[in-house]
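Throughout, numbering of the chain's residues begins at 1 and tracks the sequence.
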Amino acid sequence: MGKYMKPRNGIMWILLPVLVVLAMSAGVQAQELREVPASEILEKIQVGEDVYLENVRITGEFNLSKIELEIVHSAHEGWQIKYHSLAEELKIVESKIVIISSIFENNTDFSNTQFKKHVDFHDVSFLDISDFRGVSFGGDTNFMSANFGGDTNFMSASFGGDANFVSASFNSYANFWYATFDDDADFEDVRFGGYANFEDVSFGGDANFEDVSFGDDADFEYASFGDYANFEDVSFDGYADFGYAGFGDYANFEDVSFDGYADFWYARFDGYADFWYARFGDYADFEDVSFGGDVDFGDATFDSYADFEDVSFDGDADFWHATFDSYADFEYTSFGGYANFDGASFGGDAYFGFMSFGGEVDFSDACFGGDANFVYANFDSYADFWHASFGGYANFSDVSFGGYANFDGASFSGYTIFNYAEFNKVYFLTTTFTSVSLYETDFKSMRVDWISLKDTLVFDGPVYIKLIKNFRDMEQFGDADDAYYQYRRLSQANKEWSFSKLGDIFIWLSCGYGVKPQYTIILAVVMILIFTIIYWLGNGIRRLKESDEGEYLFSWGDVPGKDNERLIRYLGSNFGIDQAENVEIRKSDDRKTICICNEGESTKVMIDEKEEKATLKTSDHETLHLKVKKENGELNIYKEGKEDVSFCDAFYFSVVTFTTLGYGDWYPKDRYRKFVMIEGLVGWLILALFLVTLANVMIRP
């Protein structure tokens, strides 16, 4: 480990002399601050000599009021003299004063003085109270890198030339109340440790506060900025008050951090105002502010309540991707130019009620996490809400859209209201709603897919009628039919039980209120099946050629014999018995049974002359009753005349009857004639209804 310590020790031995030299230099420098009594400087000023001092330590009280100087009547107003503790007369200093890199150890009093020439306090430290009340600086003034250790008072001071406070430090109270800067004022990189008061200050030229740090409250109330006001990268740790301030030209608050309450109440921006990427950690108050030119709040962040109530934006207003984490209030605000909220995020409730948009408005991709209220808002031009998302309650009641309104792809997760809204032309294509009300909404043209409204639209009869007409005008005939169907369904549901409601139910089931021909087809099939079952179960129809005796089969005496072939053919067609040559037919000895045998299978026909019937039994246990009739001394066998009706026959007859074709090969029994009559009438009505419904759907005006 020791071998690694040697280089380090070497470095330390090299640096040590350097540190010693620096320390000695600092000590020498401190020792070089020559002590100068304040009285010595005052004597020079009294006789009009210029003062040039560097690296001095000024001791004793420095008070210009202690010396005799020419005086001039003060230009300050009487109320200023009274309330600001100013003198009615100013002492005139003809000397040019240059004191740099020096220290005032005690209080300094420059109050009520008029400096005719240049004043330079570059890198000067004022360790105690510094009083510049009512001072008039006739030329340029330099306080660059000055350090004010105690309270500093420039109240009602007047700067006739450039004022340079770059990199100065105010460790305590800094008072510039009612100060006047006729030319440029440069406070870049200044550090205000205490309360900074610029109330009623007038900046005639550029005012540069770039990268300034306000550690306590900063008061610019009623301040007037005639030219460029630069607050870029400024940090306000306390309350920042710009109430009633006036900005004549470009006001730059880019990347400013407001950790406390930011108050711009009734401020006026006549030119361009830039708040791009500004951060508002507390309440941001822009109520009644007037923006005469364009304003940029792009990427700004509002952590707390953002109040833009009754603001006037005469130019373009850009809130692109701004973030409002809490309540955002734009009530009664007016936008004269383009208003851009593209991609803006509203974490809390957003209120845009009673406001006016004179130019185009862009809320595309905006995200409203809370309630969004646009009640009574007025959009004179194009309003774009493309792909905007509304997480809470969205209220567009009584809103007027004078231009094209685009809600394509927007998502409304909560209850959405467009009651009494007025649209010229609006798009809701691919828009999703959870629940939407269009009560008394007036629109000339609405592009919307019915699927977006189908299960979400709050029922209102006149609205449905308008939508149906709108769909037809847009040639969205399918949507028009679907909207009409739902309108009738909801109207039916809201009716009390009556003949009117029963009639609606019938029209619904029979033809879908005239727009669903498939309903008529389904009803026809159902009716056909109902009557099919009636005919089938009741055995209610017969063939036209069928007699009571039935079909002649064979003569009992001719089997076995000449009727063998007839019997075999009958058995083959009805019971699947092959007509092979090895079929054996024989009759029992008592002549009462005929046996037909074929490869181990047998079929028997047994006769009962007394009952005039015969019974046919197969080896598969099928049984058929036959009719026996004695004719010309012969016993003739017939099929039973009253044959059971099959389901297929009943269905065929029902279809023929329903469609009123009437082929006539089947006819009903007596007691089933009324069913045939009813089915024919119903079929005629349903077919007519189907044709009317089909024509209504297929043939458009």
Side-chain angles (χ1 to χ4, degrees), residues 506 509-511 517-556 563 566-577 605 607-608 611-618 622-632 634-694:
F506 171 74
L509 296 175
S510 61
C511 62
Q518 63 269 31
Y519 279 31
T520 310
I521 295 175
I522 294 172
L523 179 61
V525 172
V526 170
M527 297 304 297
I528 290 172
L529 290 176
I530 289 174
F531 283 98
T532 295
I533 293 172
I534 292 174
Y535 301 141
W536 176 49
L537 295 180
N539 204 26
I541 59 175
R542 292 184 180 180
R543 290 185 186 274
L544 184 61
K545 296 181 179 181
E546 186 179 295
S547 63
D548 290 338
E549 291 80 6
E551 178 185 354
Y552 172 76
L553 297 179
F554 63 92
S555 176
W556 188 262
D563 280 348
R566 181 188 291 274
L567 176 58
I568 294 300
R569 186 168 56 249
Y570 170 72
L571 294 176
S573 61
N574 290 274
F575 299 97
I577 298 176
V605 181
I607 192 170
D608 186 346
E611 296 292 336
E612 295 184 348
K613 68 178 182 179
T615 302
L616 187 149
K617 291 185 178 181
T618 69
E622 293 187 58
T623 302
L624 178 65
H625 297 291
L626 305 174
K627 180 72 174 177
V628 179
K629 190 173 182 181
K630 193 172 184 178
E631 296 173 328
N632 300 324
E634 297 289 338
L635 295 176
N636 295 329
I637 309 301
Y638 291 86
K639 289 173 57 177
E640 181 66 49
K642 299 178 180 179
E643 185 179 357
D644 290 341
V645 178
S646 68
F647 182 85
C648 292
D649 291 335
F651 180 76
Y652 166 77
F653 179 76
S654 181
V655 171
V656 170
T657 303
F658 185 88
T659 56
T660 67
L661 295 176
Y663 287 132
D665 51 346
W666 290 83
Y667 68 94
K669 296 180 180 179
D670 291 342
R671 59 176 179 158
Y672 286 92
R673 291 177 180 176
K674 58 180 176 293
F675 291 106
V676 174
M677 180 182 64
I678 294 172
E679 184 179 12
L681 181 60
V682 170
W684 182 82
L685 291 174
I686 291 178
L687 289 175
L689 187 61
F690 171 73
L691 293 176
V692 172
T693 305
L694 186 64

### Message
Using side-chain heavy atoms (C-beta onward) and a distance below 4.5 Å, is S654 in contact with W536?
### Response
no
#### Entry: Student check: side-chain heavy atoms of T693 and Y519 closer than 4.5 Å
no
### Summary
Taken to the nearest 0.5 Å, the spacing of L553 CG from S555 OG works out to 11.5 Å
#### Entry: Smallest separation among heavy atoms of R671 and G538, with atom names
NH2-O, 4.4 Å
### From L687 atom CG to I521 atom CD1, the distance as rounded to the nearest 0.5 Å
10.5 Å
### Message
I need the L694 CG to Q518 CD distance, nearest 0.5 Å.
### Response
10.5 Å
### Task
Indicate whether the side chain of Y552 and that of E631 have a donor and an acceptor atom separated by less than 3.5 Å.
no
### Query
At what distance, to the nearest 0.5 angstrom, does CD of E679 lie from OG1 of T659?
8.5 Å
### Query
Taking atom OH of Y638 and atom CG of L626, what is their separation to the nearest 0.5 Å?
12.5 Å
### Task
Kindly say whether S510 contributes a backbone atom to a donor-acceptor pair with the side chain of T520 at under 3.5 angstrom?
yes
### Query
Does some side-chain heavy atom of W556 sit less than 4.5 Å from a side-chain heavy atom of D563?
no
### Task
Answer whether the closest heavy-atom distance between the side chains of V655 and F651 falls below 4.5 Å.
yes
### Query
Taking side chain as C-beta onward, heavy atoms only, is D608 less than 4.5 Å from V628?
no
### Query
Do other residues, nucleotides or ligands put more than 12 heavy atoms under 6.0 Å from F506 CZ?
no
### Task
Please report the closest heavy-atom contact between K627 and E612, naming both atoms and the distance.
CD-O, 4.0 Å
#### Entry: Min side-chain heavy-atom separation L571-T618 under 4.5 Å
no
### Message
So which atom in A524 and which in I686 form the shortest heavy-atom distance, rounded to 0.1 Å?
### Response
CB-CG2, 4.0 Å
### Query
Which class fits the ring pair F675 and Y672: parallel under 30°, tilted 30 to 60°, perpendicular over 60°?
tilted
### Query
Does T660 use its side chain to pair, donor to acceptor, with the backbone of G680 at less than 3.5 Å?
no
### Task
For V645 and A650, work out which heavy atoms get closest and say how close.
CG1-N, 4.0 Å
### Task
Without swapping roles, check the side chain of T532 against the backbone of I528 for a donor-acceptor pair under 3.5 Å.
yes
#### Entry: Side-chain touch T657/F531, heavy atoms, less than 4.5 angstrom
no
## Note on the structure
NE2 (H625) and CG (L616) are apart, to the nearest 0.5 Å, by 10.5 Å
### Message
Counting C-beta onward and ignoring hydrogens, is there a side-chain heavy-atom pair between Y535 and V676 closer than 4.5 Å?
### Response
yes
### Verdict with reasoning, I637 to Y570, per side-chain contact (heavy atoms from CB on, under 4.5 Å)
CA-CA 12 Å; I637 309 301; Y570 170 72; over 6 Å; no
